[in-house]
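The next block holds one structure in the form of structure tokens; read it before the comments.
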2 protein chains.
Amino acid sequence: MKKVTIKDIAREAGVSPSTVSRVINKSAPVRKELEEKVLEVIRKMGYTPNLVARSLRKGYTDTVGFIVPDITNPFFSLIIKGAEDFFKKKKISLVVCSSNHDVKEEEKLIEMLVSKKMDGLLLVGAGSSNRVLNSILNKVKVVFVDRVYEGYDAPYVVSDNYNGMKKLVWYLVKTGHRSFAFLNGEEGTYSATERLRGFVDALKEAGIKDYVVFFGQFTYESGFSLVKKLGKIPDAVVCGNDLMAYGAIDALEEMGYEVPKNVSVTGFDDLPFSKHYKPSLTTVRQPFHAMGYESAKILHWMISGKNKKNKKIVLETELIIRESTKGGSEYETSGNS
Amino acid sequence: MKKVTIKDIAREAGVSPSTVSRVINKSAPVRKELEEKVLEVIRKMGYTPNLVARSLRKGYTDTVGFIVPDITNPFFSLIIKGAEDFFKKKKISLVVCSSNHDVKEEEKLIEMLVSKKMDGLLLVGAGSSNRVLNSILNKVKVVFVDRVYEGYDAPYVVSDNYNGMKKLVWYLVKTGHRSFAFLNGEEGTYSATERLRGFVDALKEAGIKDYVVFFGQFTYESGFSLVKKLGKIPDAVVCGNDLMAYGAIDALEEMGYEVPKNVSVTGFDDLPFSKHYKPSLTTVRQPFHAMGYESAKILHWMISGKNKKNKKIVLETELIIRESTKGGSEYETSGNS
DNA sequence: TTGTAAGCGTTATCAG
DNA sequence: CTGATAACGCTTACAA
């Protein structure tokens, strides 16, 4: 099928290309009669505007890029969904890319997306820094998601990892736990760092010194193997995220412990699945969808020229108490208004 | 920062734009000396080619669209990952869109993607048909994923739902199950239909008539509530997919049954999580990643002009035996060569 | 209200 | 090997 352009429509309708353009975009008044004629020809010939040409002319693409470490991880795909839900309303499409937790790949992706003239970029960084970031930060609008990059003056949207973890630990202390192990994710990651801060600060405030900290990855397997390395089993095993908690629980049970009877285990994230885990997981809920949605909103502001340049958003986290921890229901979660 | 174009480079390097283009694309020989000069200026001025302009000129975008019902569903995100892994090697990017299981939305998305001049489309359809499909099938290359559309002569990649289900039911029969309930997903869906066919045929071959079939959705909640509607609990509850099986197991346990002691439950998909469910799930593994990867490969063939027009691929499924079904280990899976 | 023509940034063609 | 020039399809001054 030969492709039909605005010129073909113009010729067929006996008008000029500009008139056709005006009809399509309602960018200027056109005589009713002509308008109808044009519309009819468009329909008849099955014309659809070439948005590539339009983009070249107008200077924007109505497309933004979203780079995440792994699209397969529900944590990220839920965030993406949030962004998508916002952008869909603005008729903006999303180019989604996985960096596979690799900063090198991330750099390549960023360059490609900039070259493809994305109107903006949403970035869940793979590392804590990035060579190309500096050079592109003034070529394209960027919003950091779930990460704070020291030294870059760009807006970000994160959730309150620090206070989420604090709430969780306080709860554990309050329900009688006195010794702790923290099975954390990748050392150096923003999330791991913040959660550790919360963990340590909460215990310090509680005057508890009986704890150990290990780093691993944010995966089931890592949670599983880290548990096996634990010398003595503490009252509570606090995990870097839900996946690790699943692994930790399974390892503990394999070792003959019952959760939560002999040991409490907690997660972080509250993946949709965690309420169905056995035992269902006590964890800290991150507002995935909102994280994506808010980042998208900010990026959109920036794109539209509303200069929310240094918007920094920290979204609330919520303590979710379920059955993987021992202890009364006397503690009220703070976020359930 | 003012954007720098190929002309700026040309001027600065004292050559013509064509020469710069030739250097960038290695599309024709250029004197070493000039080439170096150009490369240097490019570096110095921080030039990156405008791929929108290039696309307009060349007639393709190195971008393909992928529409799925819900990016949040691990089943789909794993497929997307497969496609992404293939396309990354070809430097093709993916515009990922969720139709939210809504055919209307899907139609809009398709039109938009065609307008944006995607080189091709990967489509996990939301329904069994679609108004715009006919009109765009000769405007853009399309590969259907996980669905066979009757009446459209386009290539597809699916997994062998029918035989997968047959293998599963045979196994159940072989291990002594004599009465069945099939808790299926959305009626009319390709997957639901094929799995039902497999289920019915296998039982027919086994001479078993004691079974019931229900339709619902492919969700945890649906599995849960469908179980509650079951009159008598059969030997085996066969579920439309893994999520439904999770729900079914939980409902059954809530009703006081033990799985698999009192009743066996099976899934379909083998989500990464199913081996960690309690009990771990007996299910049929679909080759998610391969489904995405193969679809991408075919689409790429079509785009590159290699006319694999009517390529139809049915990928093998594999029976995965775990702990949610009662029965010996005497049965050998067929796919473990 | 409508048409003409320039231009968005590339690349392909054609001379030289 | 290199440079003009046209063209990709659209939008937008500017002119009428």
Side-chain angles (χ1 to χ4, degrees), chain A residues 1-39 41-42 45-63 91 112 114-119 139-140, chain B residues 1-39 41-42 45-63 91 112 114-119 139-140:
Chain A
M1 173 180 276
K2 233 202 117 297
K3 59 196 151 206
V4 14
T5 76
I6 211 170
K7 278 185 187 168
D8 301 319
I9 304 298
R11 193 176 342 100
E12 195 69 12
V15 300
S16 77
S18 8
T19 300
V20 179
S21 171
R22 290 193 263 258
V23 170
I24 296 170
N25 301 294
K26 302 184 203 318
S27 53
V30 171
R31 187 147 43 93
K32 191 94 185 170
E33 191 183 321
L34 281 192
E35 175 174 355
E36 279 166 9
K37 177 68 179 165
V38 168
L39 254 15
V41 175
I42 287 182
M45 302 188 69
Y47 166 78
T48 38
N50 180 332
L51 297 190
V52 172
R54 179 182 293 173
S55 289
L56 178 58
R57 180 62 232 246
K58 300 189 91 141
Y60 57 81
T61 53
D62 281 327
T63 308
K91 297 181 178 305
M112 187 222 74
V114 170
S115 256
K116 286 205 171 162
K117 299 292 161 190
M118 299 291 115
D119 297 338
K139 280 198 193 177
V140 66
Chain B
M1 171 179 279
K2 234 198 118 297
K3 58 195 151 209
V4 15
T5 76
I6 211 171
K7 279 185 188 168
D8 301 320
I9 304 297
R11 194 178 341 97
E12 196 69 11
V15 299
S16 77
S18 348
T19 299
V20 178
S21 172
R22 287 192 266 258
V23 170
I24 295 170
N25 301 293
K26 301 183 203 319
S27 52
V30 170
R31 187 147 43 94
K32 192 97 188 170
E33 190 184 322
L34 282 190
E35 177 175 352
E36 279 166 8
K37 176 70 180 162
V38 167
L39 254 15
V41 175
I42 287 182
M45 303 188 68
Y47 167 77
T48 39
N50 180 331
L51 297 190
V52 173
R54 179 181 292 173
S55 289
L56 177 58
R57 180 62 234 244
K58 300 189 95 144
Y60 57 80
T61 52
D62 281 326
T63 309
K91 297 182 177 303
M112 187 223 74
V114 170
S115 256
K116 285 205 171 162
K117 298 293 161 189
M118 299 291 117
D119 297 338
K139 280 198 194 178
V140 66

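Letters go in sequence order (proteins before strands), and every chain restarts at 1.
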- Query: Short question: side chain of B:S115, backbone of A:N50 - any donor-acceptor pair under 3.5 Å?
  - Reply: no
- Counting only N and O atoms by type, is there a donor-acceptor contact under 3.5 Å from the side chain of B:K116 to the main-chain atoms of B:T61? no
- Residues in contact with DNA chain C, drawn from residues 51-63 of chain B - heavy-atom cutoff 4.0 Å: B:A53, B:R54, B:R57, B:K58
- Note on the structure: Rounding to 0.5 Å, atoms OG1 (A:T5) and CZ (A:R11) come to a distance of 7.5 Å
- Task: Report the distance from atom OH of A:Y47 to atom NZ of A:K3, rounding to the nearest 0.5 Å.
- Result: 13.0 Å
- Message: Of all nucleotides in DNA chain D that come within under 4.0 Å of a heavy atom of chain A, which is furthest toward the 5' end and which toward the 3' end?
- Response: D:dG9 to D:dT12
- A:D8 and A:M45: side-chain contact (heavy atoms from CB on, under 4.5 Å), yes or no, with the steps? CA-CA 9 Å; A:D8 301 319; A:M45 302 188 69; 4.2 Å; yes
- Message: Let me confirm one number: the NZ-OG1 distance from A:K91 to A:T63, rounded to the nearest 0.5 Å.
- Response: 13.5 Å
- Query: A:I9 pairs by side chain to side chain contact (heavy atoms under 4.5 Å, CB included) with which of A:V23, A:T19, A:I42, A:L39?
  - Reply: A:I42
- Item | Stepwise side-chain contact (heavy atoms from CB on, under 4.5 Å) check, A:I24 with A:R54 | CA-CA 12 Å; A:I24 296 170; A:R54 179 182 293 173; 3.9 Å; yes
- Message: With rounding to the nearest 0.5 angstrom, report the OG to CG distance, A:S16 to A:L34.
- Response: 9.5 Å
- Task: Enter the distance from B:K58:NZ to B:L51:CG here, rounded to the nearest 0.5 Å.
- Result: 10.0 Å
- Sorted by number, the residues of residues 6-35 of chain B with heavy-atom contact under 4.0 Å to DNA chain D: B:V15, B:S16, B:S18, B:T19, B:R22, B:P29, B:V30, B:R31, B:L34
